[in-house]
S.K.: 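Next up is a structure, given as structure tokens.
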Amino acid sequence: MAKRKRDTIEEFAVIKRIRYDENTKCVKLSNMSNIVQSWVVRGEVSSVSSIRLCTVGKVEKSVFNFELRDDTGVIRATAYGTTADGIHDKLQNGMIMQLHNFKIKAINPAFNSTGNEYEIEVDERTFIREVTDCPTVEEKKSLPYTEFHDVQSSTDTGIAINVVGIIKRVGDIKEFQSKSSAKSLKKRDVILMDENKNTCVVTMWNDDAVDWKYVPRDIITITGAGINEFCGFYSVKLYRTSVIIKDAAYAKSVMLKGLLDELMPQL
DNA sequence: CCCCCCCC
């Protein structure tokens, strides 16, 4: 089949070069939040958030985030409204998706932990389709991970991070009253271990705590997590937008899986 | 266009 120009697949790293590229179809370099691309990207779905409601003006609409990875990196995408409702249940980790006609905008590091400078906005004009006959991702650039010893010495708790580790221990649910809102809160602490046997506490709240389904020796990657500080002790916490991925396709998760018996012998 | 807060 003859390859049309518009079917050229752009690597995610290319998106970074938009602001320097005189020949792209980008029209507004000064307003990165509203560039309509005629480009096409393709990537493997690596993280899908749950769907949630947001209020824009007086209208309530669905929104969720997902991430795609290709050989060159990772990009986060956000889908809204009926588009979000239409595609959310179809997206599964491992699927290769191709996107046409998306917008890009500069990321906010408080919400975006992919390491990319830009992210994708999916709107009603965006085409998304699964591609089945294509090469698998050869990871040259992964997610940026925050090492557990760096969690302990964090200086900026307002940045979204990614962590990966082996579950060492799963705590029980603890329930108490919120002082500020008189709400009943539930939390669950889980201890993760890395390849150096450093550990880190990860705190799950409410539904994430109640619906917890992972067990010791599972390898989980958490995208878009936060850092919590209490009396000089730092831990990882989950946000509503954070995603837990068991046995992620990323190299570090695969590496930990290979070291599992050595790091945490089966009883 | 949306999320980041909940406790010791």
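Just so you know, these numbers use all the heavy atoms, side chains as well, and skip hydrogens, waters and symmetry mates. Residue numbers start from 1 in every chain, and the chains themselves are labelled A, B, ... in the order their sequence lines are given, proteins ahead of strands.
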S.K.: Using a strict cut-off of less than 4.0 Å between a Lys/Arg side-chain nitrogen and an Asp/Glu carboxylate oxygen, indicate whether A/Lys187 and A/Asp189 qualify as a salt bridge.
M.R.: yes
S.K.: Reckon A/Lys174 touches a base, only the sugar-phosphate, or nothing at all at heavy-atom distances under 4.0 Å?
M.R.: nothing
S.K.: Any donor-acceptor pair under 3.5 Å between the side chain of A/Lys187 and the base of B/dC6?
M.R.: no
S.K.: At a heavy-atom distance below 4.0 Å, what parts of residues 47-54 of chain A sit against DNA chain B?
M.R.: A/Arg52, A/Cys54
S.K.: Counting any heavy atom closer than 4.0 Å, what does A/Arg76 reach on the DNA or RNA strands: base, sugar-phosphate only, or nothing?
M.R.: base
S.K.: Test your reading of the model: is there a side-chain donor-acceptor pair from A/Arg217 to the backbone of A/Ile166, 3.5 Å cut-off?
M.R.: no
S.K.: Would you say whether A/Trp205 stacks on B/dC5? The test is a distance between ring centres of less than 5.5 Å and an angle between planes of less than 30°.
M.R.: no
S.K.: Sequence neighbours left out, what passes side chain to side chain donor-acceptor pair (under 3.5 Å) with A/Ser47? Give chain and number order.
M.R.: A/Thr223
S.K.: Would you say A/Lys186 places a side-chain N or O within less than 4.0 Å of OP1 or OP2 belonging to B/dC6?
M.R.: no
S.K.: How is A/Asn108 classified with respect to the nucleic acid when contacts are heavy atoms under 4.0 Å: base, sugar-phosphate, or nothing?
M.R.: nothing
S.K.: Among B/dC3, B/dC1, B/dC7, which is the nearest nucleotide to the side chain of A/Asn228?
M.R.: B/dC7
S.K.: For DNA chain B, whose closest nucleotide is more 5', that of A/Ser242 or that of A/Thr203?
M.R.: A/Ser242
S.K.: Just wondering, do A/Phe230 and B/dC8 stack (centres under 5.5 Å, planes under 30°)?
M.R.: yes
S.K.: Please output the side-chain donor-acceptor pairs of residues 74-87 of chain A that fall under 3.5 Å, not counting sequence neighbours, one pair per line with the distance.
M.R.:
| unit_1 | atom_1 | unit_2 | atom_2 | d |
| --- | --- | --- | --- | --- |
| A/Thr78 | OG1 | A/Asn65 | OD1 | 3.0 |
| A/Asp85 | OD1 | A/Ser62 | OG | 2.6 |
| A/Asp85 | OD2 | A/Ser62 | OG | 3.4 |

